[in-house]
S.K.: 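Let me begin by handing over the structure; questions about it come next.
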Amino acid sequence: MVDKYEKIIELAKRRGFLWPSFELYGGTAGFYDYGPLGAMLKRRIENVWRDIFVINEGYYEIEAPTIGIEDIFIASGHVGGFSDPLTECQKCHEDFRADHLVQNIVDMPDTLSADELTEIINKNNIRCPECGGKLGNVYEFNLMFRTSIGPGSKRAGYLRPETAQAMFVDFPRLLKFYRDHLPFGATQIGKAYRNEISPRQGVIRLREFTQAEAEIFIDPRNKTHPGFKEIADIVLNFYSQEGQINGESQQISIGAAVNTGIIAHEFLGYCLAITYRYLTRVGVSPEKLRFRQHMKDEMAHYAADCWDAEILSDRFGWIEVVGIADRTDYDLKAHAKQSETDLTVYVPYDRPKKVERFVVKPNMAALGPRFKGKAGKIANALKALRQEELSGEFIELTIDSEHIKLEKDAVVFETVTEEIHGENIIPHVIEPSFGIDRIMYSLLEHSYFEEKAIEEGEEDEVRIVLRLPPQVAPVQAAVLPLLTREKLIKPAIEIIESLRKAGILVTFDDSGTIGRRYRRNDEIGTPYSITVDYQTLEDGTVTIRERDSMGQVRASMSDIADNICDLIYRGKSFGNAGRRV
RNA sequence: GCGCCGAUAGUGUAGCGGUUAUCACUGAGCGUUGCCAACGCUUAGACUCGGGUUCGAAUCCCGAUCGGCGCACCA
């Protein structure tokens, strides 16, 4: 049985969307090349993402190295947490999580090093749970690709396992760029790398893949979104925590989902909405799309709420293509700690707050000469005292088990009223994270149709057509002379030139019959075919043929580029592109 | 990593120890062709890799690689 996955992969290979990498040398699992059409399709998918997140939401794009230094991934937890301690049975060669094997013997097995785990296994004579064989030395399998920076191996570098970290690391710069105002966001589209143990399923699980991520920094006390009203009525297919327990999803509006607490807050709801708009705009079928909430135990401990956009695929079922999480202040805190840098935002109050503060000022001019080296300690001890303790005739202190008695003029204190104009807060981070490769595969699958040709007397001809949205189709128009005649080729070339000047990717094809050429273009999703015939020579008109309906209109050659641009980018209906034929 | 199955032109396939590796589609060229995979002629193109058995291997055996499925893994 040939399923849709096989058909897509076969088409993708044959027509130049996806090729296994290094195929000449036998290929390597987990790597794919994007061929000429695939690269263009991917670029267009990314550009729609840019249009939404960068241009319309205003989250500027940055570009950081794909290699990161060790500190970053210590802070992010990938150095310590993105690996598992494994031990292999010497007899049956089964791999086991070493920390799981010793969890009944020691308290915190996940804090132990590989060597410590090996020792514990040997001491306690732990054997293979499967066959009772001897277990080998414990080793850390980290899913990051490690390399070294510069000569030697002193400075470790890692290929980034996600694009997100750069936005956290650049936080102080971004904050200045956005002139100290929350909320703001930054995005990145780029490669990420994970050394998967056993990648499979084509482009669904890759060792090198493309992410499009946004990190949006918001005020933790205000998780509303100014654009929420505008999207509140959008109905999505929700698969909530509760829904998963009951095994059913529900169709409700985002507004209702936020009001009833299914979605934690407006900002996440808004991100779900733009994710929905994005995915359907690039060609994902809405009925094969759902938003699944992470279960409590599935969510990272620091996350406030997390939703995945999942797409239904023929072979793999529901696959995760987008993750949308409220990561709270976890990442900024982690980097603040690791870098010993303040990663907070000063947020002014609407009105300054009056705060009463008790201020103690030790009289250092008196304490210094009298206590010499101890003066500092005494001063600090004085500052810690309360008003009652300072108000007596004498002040008594014990410093380093030495009793000290001071006159009351050793210190001045007062209660001052200060105006506080704001405070430093650690923003919370909303992270929509898109897997571009998976999205591209999904929309190939959702765009792929086989149609029975309706010609009479013909055998069961099947028309393969890729119904990609015109704005992401790699080839946007084909120009076809009806016959291979010099007279017809000449105007065709003129048309090609005008389309190219307008930024339209266009192909020329005069090989084979016109029907064959239409079919070739249907298969790669070319939305429009422009055919030059003998009437063109008489009145300067051509036919435009629409991929999906196979209908045709006759339109003027003189403004053909504008006409095609309107069809592709500006939502002009095909019927308005010319006179029906 | 483990187990099972598989790998032949661009694609899909036949061949399962013995000529020059089958067929279809596809691609290219020429002719023909007045709008949906027409036709004729010409032409291009493959046994995943490495060992072994054998007089002889695409075919049998072993290993590797890749792919599919199941297990494990998927912060």
Side-chain angles (χ1 to χ4, degrees), chain A residues 1-3 5-7 9-16 19-31 35 73 76-84 86-89 91-97 100 110 130-131 136 139 141-144 161-162 194-202 204-207 298-303 315-316 319-320 323 451 453-455 457-465 480-485 488 510-523 529-537 542-547 549-552 554 581:
Chain A
M1 234 310 261
V2 177
D3 68 2
Y5 173 83
E6 252 169 87
K7 286 176 178 174
I9 293 296
E10 187 269 307
L11 171 69
K13 268 201 254 187
R14 188 161 45 82
R15 300 308 305 267
W19 295 325
S21 294
F22 327 122
E23 204 179 6
L24 186 62
Y25 293 102
T28 298
F31 296 98
F73 301 116
S76 72
H78 286 100
V79 167
F82 201 50
S83 69
D84 296 321
L86 297 181
T87 178
E88 187 184 325
C89 171
K91 200 169 142 199
C92 70
H93 300 289
E94 191 78 23
D95 273 298
F96 300 97
R97 289 279 296 269
H100 290 178
D110 45 342
E130 291 288 320
C131 72
Y139 62 97
F141 186 80
N142 191 295
L143 261 49
M144 282 193 293
E162 59 177 23
R194 297 178 188 185
N195 200 3
E196 299 285 353
I197 295 171
S198 133
R200 268 185 211 173
Q201 307 171 328
I204 304 299
R205 200 141 147 248
L206 293 169
R207 288 188 165 121
E298 181 183 4
M299 231 183 283
H301 65 274
Y302 49 82
R315 178 182 288 196
F316 308 116
I319 53 178
E320 174 194 347
E451 288 179 350
I454 33 174
E455 292 298 303
E458 300 280 321
E459 297 190 11
D460 281 357
E461 285 284 2
V462 173
R463 177 172 90 118
I464 293 172
V465 52
L480 317 168
L482 186 60
L483 299 168
T484 315
R485 293 282 147 75
L488 299 179
D510 70 340
S511 161
T513 62
I514 190 70
R516 177 184 295 277
R517 286 177 274 162
Y518 286 148
R519 295 299 172 86
R520 264 203 286 257
N521 278 292
D522 288 340
E523 201 179 46
S529 295
I530 298 159
T531 303
V532 176
D533 56 19
Y534 283 104
Q535 195 180 328
T536 309
L537 304 177
V542 291
T543 63
I544 305 174
R545 180 248 193 200
E546 186 186 39
R547 173 198 67 202
S549 66
M550 298 194 279
Q552 291 189 33
R554 189 158 269 282
V581 178

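Numbers restart at 1 for each chain; the letters A, B, ... are given by sequence-line order, proteins then strands.
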S.K.: Expressed as a whole number of Å, how far does the P atom of B:G52 sit from that of B:G6?
M.R.: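 B:G52 and B:G6 have their P atoms separated by 24 Å.
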S.K.: Looking only at the side chain of A:Arg520 (C-beta and beyond, no hydrogens), which of the listed nucleotides B:G27, B:U11, B:C36 gets closest?
M.R.: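 Nucleotide nearest to A:Arg520's side chain: B:G27.
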S.K.: Going by side-chain hydrogen bond (donor to acceptor under 3.5 Å, both in side chains), name the residues that satisfy it together with A:Arg520, two or more places apart in sequence or in a different chain.
M.R.: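 If we apply the side-chain hydrogen bond (donor to acceptor under 3.5 Å, both in side chains) test to A:Arg520, skipping adjacent residues, the hits are A:Asp509.
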S.K.: Which residues pass the salt bridge (Lys or Arg N to Asp or Glu O under 4.0 Å) test with A:Arg547, sequence neighbours left out?
M.R.: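 Per chain and number, A:Arg547 pairs via salt bridge (Lys or Arg N to Asp or Glu O under 4.0 Å) with no residue.
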S.K.: Would you indicate which nucleotide in B:U11, B:G34, B:C69 comes nearest to any side-chain atom of A:Arg200?
M.R.: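 The closest nucleotide is B:C69.
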S.K.: If we take the P atom in both B:G15 and B:C66, what is their distance in whole Å?
M.R.: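 28 Å, rounded to whole Å.
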S.K.: Just to be sure I follow the notation: if a pair is Watson-Crick (purine N1 to pyrimidine N3 plus N6-O4 or O6-N4) or a G-U wobble (N1-O2 and O6-N3), each under 3.5 Å, what dot-bracket string does RNA chain B give, with | for pairs to another strand?
M.R.: (((((((..(((.....[....)))((((((.......))))))...(((((..]....))))))))))))....
S.K.: Would you please confirm or rule out a distance under 4.0 Å between OP1 or OP2 of B:C35 and any side-chain N or O of A:Thr543?
M.R.: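 For A:Thr543, the contact criterion (side-chain N or O under 4.0 Å from OP1 or OP2 of B:C35) is not met.
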S.K.: For A:Leu488 and B:U33, give me the distance from atom CG to atom C1', rounded to whole Å.
M.R.: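 Nearest whole value for this atom pair: 12 Å.
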S.K.: I need the minimum non-hydrogen distance between A:Leu482 and A:Leu488, along with the two atoms involved.
M.R.: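 Taking A:Leu482 first and A:Leu488 second, the nearest heavy atoms are N-CD1, 4.3 Å.
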S.K.: The side chain of A:Phe316 lies closest to which of these nucleotides: B:C35, B:G27, B:C69?
M.R.: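 Among B:C35, B:G27, B:C69, the one nearest the side chain of A:Phe316 is B:C69.
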S.K.: Determine the interatomic distance between P on B:C74 and the same-named atom on B:C5; round to the nearest Å.
M.R.: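 After rounding to an integer number of Å, I get 28 Å for this pair.
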S.K.: In whole angstroms, how far is the P atom of B:G12 from the CD1 atom of A:Ile9?
M.R.: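 Rounding to the nearest Å, CD1 of A:Ile9 and P of B:G12 are 12 Å apart.
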S.K.: For A:Ser198 and for A:Tyr534, locate the closest nucleotide of RNA chain B by heavy-atom distance; then report the residue assigned to the nucleotide nearer the 5' terminus.
M.R.: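 That would be A:Ser198.
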S.K.: Side chain of A:Arg205, heavy atoms from C-beta onward: which of B:C35, B:C74, B:U33 has the nearest atom to it?
M.R.: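 Of B:C35, B:C74, B:U33, B:C74 is nearest to the side chain of A:Arg205.
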S.K.: What's the gap between B:G1 and B:C73 when it is taken at their C1' atoms, as a whole Å value?
M.R.: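 About 9 Å, rounded to a whole number of Å.
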S.K.: Can you sort out the partners of A:Arg545 under salt bridge (Lys or Arg N to Asp or Glu O under 4.0 Å), two or more places apart, ordered by chain and number?
M.R.: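 For A:Arg545 the salt bridge (Lys or Arg N to Asp or Glu O under 4.0 Å) partners, ignoring immediate neighbours, are A:Asp522.
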S.K.: Nearest to the side chain of A:Arg519 - B:G34, B:C36, B:G68?
M.R.: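 The closest nucleotide is B:C36.
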S.K.: Do the side-chain N or O atoms of A:Ser511 get closer than 4.0 angstrom to the phosphate oxygens (OP1, OP2) of B:A28?
M.R.: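 For B:A28, OP1 or OP2 has a side-chain N or O of A:Ser511 closer than 4.0 Å.
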S.K.: Salt bridge (Lys or Arg N to Asp or Glu O under 4.0 Å) with A:Arg14: which residues, sequence neighbours excluded?
M.R.: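 In terms of salt bridge (Lys or Arg N to Asp or Glu O under 4.0 Å), with neighbours along the sequence ignored, A:Arg14 is linked to A:Glu10, A:Glu523.
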S.K.: Under the salt bridge (Lys or Arg N to Asp or Glu O under 4.0 Å) test, which residues partner A:Arg207, sequence neighbours left out?
M.R.: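 In terms of salt bridge (Lys or Arg N to Asp or Glu O under 4.0 Å), with neighbours along the sequence ignored, A:Arg207 is linked to no residue.
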S.K.: Taking the same atom, C1', in B:U8 and in B:U13, what whole-Å distance lies between them?
M.R.: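 That atom pair is separated by 9 Å.
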S.K.: Identify the heavy atoms of A:His78 and A:Pro161 that sit nearest to each other, and give their distance.
M.R.: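 The pair with the smallest heavy-atom distance is CD2-CG, 3.6 Å.
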S.K.: A:Ala29 has a side chain; which of B:C36, B:C35, B:G67 sits nearest to it?
M.R.: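 It is B:G67.
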S.K.: Any sub-3.5 Å donor-acceptor pair from A:Asn142's side-chain atoms to A:Val79's backbone N or O?
M.R.: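 Indeed, once roles are kept as given, a pair shorter than 3.5 Å links the two residues.
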S.K.: Between the base of B:C35 and the side chain of A:Gln552, is there a donor-acceptor distance below 3.5 Å?
M.R.: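 Answer yes: a donor N or O sits under 3.5 Å from an acceptor.
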S.K.: For A:Asn142 and B:C73, give me the distance from atom CG to atom P, rounded to whole Å.
M.R.: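 After rounding, the reported distance stands at 17 Å.
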S.K.: To the nearest angstrom, how far is A:Glu10 atom CD from B:G67 atom P?
M.R.: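 A:Glu10 atom CD is separated from B:G67 atom P by 17 Å.
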S.K.: Please state the P separation for the pair B:U20 and B:G63 - nearest whole angstrom.
M.R.: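 To the nearest whole Å, 32 Å.
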S.K.: For a quick check of understanding: with a heavy-atom distance under 4.0 Å over all strands, which category does A:Thr28 fall into, base, sugar-phosphate or nothing?
M.R.: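 The answer is sugar-phosphate, as A:Thr28 gets under 4.0 Å only of primed atoms, P, OP1 or OP2.
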S.K.: Using whole Å, what does the distance between atom P of nucleotide B:G67 and atom CG of A:Asp3 come to?
M.R.: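 Going from CG in A:Asp3 over to P in B:G67 covers 16 Å.
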S.K.: B:G12 and B:G51: how far apart are their P atoms, nearest whole angstrom?
M.R.: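 The same atom, P, in both gives a distance of 28 Å.
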S.K.: Need one value for A:Glu23: base, sugar-phosphate or nothing, where a base atom within 4.0 Å counts as base even if backbone is also close, heavy atoms only.
M.R.: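 Nothing: the residue A:Glu23, judged by heavy atoms under 4.0 Å, touches no strand.
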S.K.: Rounded to the Å, how far apart are A:Phe22 CZ and B:U65 C1'?
M.R.: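 In whole Å, B:U65 C1' lies 14 Å from A:Phe22 CZ.
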S.K.: Using a heavy-atom cut-off of 4.0 Å across all strands, would you classify A:Arg485 as base, sugar-phosphate, or nothing?
M.R.: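 Base contact.
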S.K.: Give a yes/no on whether any side-chain N or O of A:Arg517 is located under 4.0 angstrom from OP1 or OP2 of B:C36.
M.R.: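 For B:C36, neither OP1 nor OP2 has a side-chain N or O of A:Arg517 closer than 4.0 Å.
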S.K.: Before giving the answer on side-chain contact (heavy atoms from CB on, under 4.5 Å), spell out for A:Tyr534 and A:Arg485 the whole-Å C-alpha distance, their side-chain angles and the decisive distance to 0.1 Å.
M.R.: CA-CA 10 Å; A:Tyr534 283 104; A:Arg485 293 282 147 75; 3.4 Å; yes
S.K.: Where the side chain of A:Thr484 is concerned, which of B:C35, B:U26, B:U33 is the nearest nucleotide?
M.R.: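 From the listed options, B:U33 comes nearest.
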S.K.: Where the side chain of A:Arg315 is defined as all heavy atoms beyond and including C-beta, which of B:G68, B:G34, B:U11 is the nearest nucleotide?
M.R.: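 Nearest listed nucleotide: B:G68.
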S.K.: Would you say A:Ser529 and A:Gln552 make side-chain contact, with heavy atoms under 4.5 Å?
M.R.: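 They are not in side-chain contact.
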S.K.: For B:C36 versus B:U22, give the span between their C1' atoms, rounded off to a whole number of Å.
M.R.: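 It works out to 32 Å between them.
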S.K.: Heavy atoms only, 4.0 Å cut-off, all strands: where does A:Gly202 land among base, sugar-phosphate and nothing?
M.R.: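 Touches sugar-phosphate only.
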S.K.: Nearest-nucleotide wise, let me know which of A:Tyr25 and A:Lys13 is further upstream toward the 5' end of RNA chain B.
M.R.: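 Going by which nucleotide is closer to the 5' end, it is A:Lys13.
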S.K.: Starting at CD1 of A:Ile204 and ending at P of B:C73, how long is that distance when rounded to a whole Å?
M.R.: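 Rounded to whole Å, this separation is 21 Å.
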S.K.: Do the side-chain N or O atoms of A:Arg15 get closer than 4.0 angstrom to the phosphate oxygens (OP1, OP2) of B:U11?
M.R.: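 Result: no.
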S.K.: Verify the contact: side-chain N or O of A:Tyr5 to OP1 or OP2 of B:G68, cut-off strictly under 4.0 Å; return yes or no.
M.R.: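 For B:G68, OP1/OP2 do have a side-chain N/O of A:Tyr5 under 4.0 Å.
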S.K.: Could you tell me how far apart A:Ile464 (CD1) and B:A37 (P) are, to the nearest whole angstrom?
M.R.: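 Nearest whole value for this atom pair: 14 Å.
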